[in-house]
Novice: 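First the structure, then my questions, so here it is.
Letters go in sequence order (proteins before strands), and every chain restarts at 1. Just so it is clear, the values below take in all heavy atoms, side chains as well, and ignore hydrogens, waters and symmetry mates.
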Protein chains: 2
Amino acid sequence: MTAEAKPAPSQLTERQEARRRRILHASAQLASRGGFDAVQMREVAENSGVALGTLYRYFPSKVHLLVATMQDQLQQMHETLRKRPPTEAEPATRVAQTLMRAFRALQREPQLADAMVRALTFADRSVSPEVDTVSRLTTAIILDAMGLSDPPTGEQLSAVRVIEHTWHSALITWLSGRASIAQVKIDIETVCRLIDLTAPRD
Amino acid sequence: MTAEAKPAPSQLTERQEARRRRILHASAQLASRGGFDAVQMREVAENSGVALGTLYRYFPSKVHLLVATMQDQLQQMHETLRKRPPTEAEPATRVAQTLMRAFRALQREPQLADAMVRALTFADRSVSPEVDTVSRLTTAIILDAMGLSDPPTGEQLSAVRVIEHTWHSALITWLSGRASIAQVKIDIETVCRLIDLTAPRD
DNA sequence: CGTTAGCCTGGAACGAGTTTCAGTGACTCG
DNA sequence: CGAGTCACTGAAACTCGTTCCAGGCTAACG
């Protein structure tokens, strides 16, 4: 056994880390162009200068790849949001504002958003850990936006989960052209009211 | 032009209607066994005694087929629920009760649920009309459960949309093993609180 | 410096969704 | 009855995700 175990995705050669980044970059680029369908494994492999087999060693399926891409993008968004926190006073409004900001970012790359969100909801059990990571990231973003002074109560966590549900599903309806941007805004604002409802009383 | 136009899905020969039903039945049966992946177009065609090309004439893609299957199942559920309306007094509780009842029905056929829900969220723009039908059915079920005496206000419709979002997304997290049944219950009860919040004041 | 293990490459091969088409059958109109 | 039309059949073909394999490269170890 070598000194370094490899279960964690962190323990990678520099070359390997570079490969991984190239793959994610190619994935995002193709997705930006044509959405989910345009991310073709052969093409991702070619564009990132890697053999098909290698691509599959890094990401065991197209869905894994796209979920990882989403993880990557979310991470960046989290950074950005951290730098410019929401300006509103009320937690509910802050969360709504933050989510709408994120939503506008997605609007700029609708095809990429399509690919990532479709992958996320299409993911089966084999991708659960990765999807869970995305979910935790989203939760973190929302909790940040709430700006709580105390750790969240169970009730508040429930509210946050429901907000996440709404966020994902609203995104889908928008991406599939069944809801307008205004509609999404209303839905988000509506669900954010749950935050007031679950605020500790005293 | 023949007397019967064919744009509506209603205008079908008896033989055609029968074929359609056979196809939907085969689809649901295969889905019940092995979920989304087990619904293989060739097999659906064979099991319903129809050529592959014909299957594709009736349902232009696997997703279309499964969304139609869901439509079918939802319709049945709507009937059932109509016969035994929720017993609770409060609208919010009635809705939660109804959704949990539907949820338990899905638990009995988890694989079928998996196939239908995955198809629903994976559907792209080309399936929008069909997905929309499913959405309207769901809305109808929820509104029924609310048992309003007056037509719903805009605010209430927003709340219903958010409930639907939560319902779909919670279902997905449960199907992919990332949330327990108890978790789903809590989420549904949480989001149903929005109903109280949006009830007309006087 | 040679050896060995592990990763990577190129490419073939397989499976399932989707498309296509020539031929067949049934029904309608003349 | 004959011709035309349209849906259905059977089967081949195409695409793209995924799997597999044989050989080459790298890097640490002896």
Novice: Check the side chains of B:Glu164 and B:Thr139 for a donor-acceptor pair under 3.5 angstrom, ignoring hydrogens and angles.
Specialist: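 A donor-acceptor contact under 3.5 Å links the two side chains.
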Novice: When you check the side-chain N and O atoms of B:Ser169 and A:His165, is any donor under 3.5 Å from an acceptor?
Specialist: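 On atom types as modelled, these side chains qualify, holding a pair under 3.5 Å.
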Novice: Round to a whole Å and report the spacing from NE2 of A:His64 to P of D:dT18.
Specialist: 10 Å
Novice: Compute the angle between the rotation axes at the two ends of the helix from C:dC1-D:dG30 to C:dG30-D:dC1, each taken over five pairs, rounded to 10 degrees.
Specialist: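 Terminal axis comparison yields 10°.
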Novice: Expressed as a whole number of angstroms, how long is the span from A:Phe59:CZ to D:dT18:P?
Specialist: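 Going from A:Phe59 (CZ) to D:dT18 (P), I get 13 Å.
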Novice: Any side-chain donor-acceptor pair under 3.5 Å between B:Ser176 and A:Ser128?
Specialist: no
Novice: Could you give the NZ-to-C1' distance, from B:Lys62 to C:dG17, as a whole number of Å?
Specialist: 8 Å
Novice: State whether a side-chain donor-acceptor pair under 3.5 Å links A:Thr13 with A:Gln16.
Specialist: yes
Novice: side-chain contact (heavy atoms from CB on, under 4.5 Å) with A:Val191: which of A:Ile163, A:Leu99, A:Val95?
Specialist: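 Per the side-chain contact (heavy atoms from CB on, under 4.5 Å) rule, the option paired with A:Val191 is A:Ile163, out of A:Ile163, A:Leu99, A:Val95.
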Novice: Kindly state whether the ring of A:Phe122 and the ring of A:Phe36 have centres lying under 6.0 angstrom apart.
Specialist: no
Novice: Identify whether the distance between the nearest side-chain nitrogen and carboxylate oxygen of A:Arg193 and A:Glu189 falls below 4.0 Å.
Specialist: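 No.
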Novice: Which residue pairs pass the salt bridge (Lys or Arg N to Asp or Glu O under 4.0 Å) test when at least one of the two sits in residues 44-64 of chain A, sequence neighbours left out?
Specialist: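 Not a single pair qualifies under salt bridge (Lys or Arg N to Asp or Glu O under 4.0 Å).
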Novice: Using the 3.5 Å cut-off, write out each protein N or O paired with an N or O of nucleotides 8-10 of chain D and the distance between them.
Specialist:
residue : atom : partner : partner atom : Å
D:dC8   : OP1  : B:Arg19 : NE           : 3.1
D:dC8   : OP1  : B:Arg19 : NH2          : 3.3
D:dC8   : OP1  : B:Tyr58 : OH           : 2.8
D:dC8   : OP2  : B:Arg57 : NE           : 3.3
D:dT9   : OP2  : B:Ala51 : N            : 2.9
D:dT9   : OP2  : B:Thr54 : OG1          : 2.5

Novice: Heavy atoms within less than 4.0 Å of DNA chain D: which residues of residues 117-126 of chain A have one? Give them sorted by number.
Specialist: none
Novice: Taking for each residue the nucleotide of DNA chain C bearing the nearest heavy atom, is the 5' side occupied by B:Pro60 or by B:Arg15?
Specialist: B:Pro60
Novice: Check whether the side chains of A:Gln183 and B:Arg161 place a donor and an acceptor atom closer than 3.5 Å, and report yes or no.
Specialist: yes
Novice: Check ring pair (Phe, Tyr, Trp, His ring centres under 6.0 Å) between B:Phe103 and all other residues, then give those that pass, not counting sequence neighbours.
Specialist: B:Trp174
Novice: What is the distance, rounded to the nearest whole Å, between atom CD of B:Glu14 and atom P of C:dC27?
Specialist: 13 Å
Novice: Which residue in the set A:Lys83, A:Arg82, A:Arg84 passes salt bridge (charged side-chain N to carboxylate O under 4.0 Å, His left out) when paired with A:Asp144?
Specialist: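 Of all the options given, the one that passes is A:Arg82.
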Novice: Has B:His25 got more than 12 heavy atoms of other residues, nucleotides or ligands less than 6.0 Å from its NE2?
Specialist: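 Incorrect, the count does not exceed 12.
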Novice: Let's see if you get this right: which residues in residues 31-48 of chain A place a heavy atom under 4.0 Å from DNA chain D?
Specialist: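 Within this stretch, A:Val39, A:Gln40, A:Met41, A:Arg42 sit under 4.0 Å of the strand.
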Novice: Do B:Val50 and B:Arg22 have side chains that approach each other closer than 4.5 Å (heavy atoms only, starting at C-beta)?
Specialist: yes
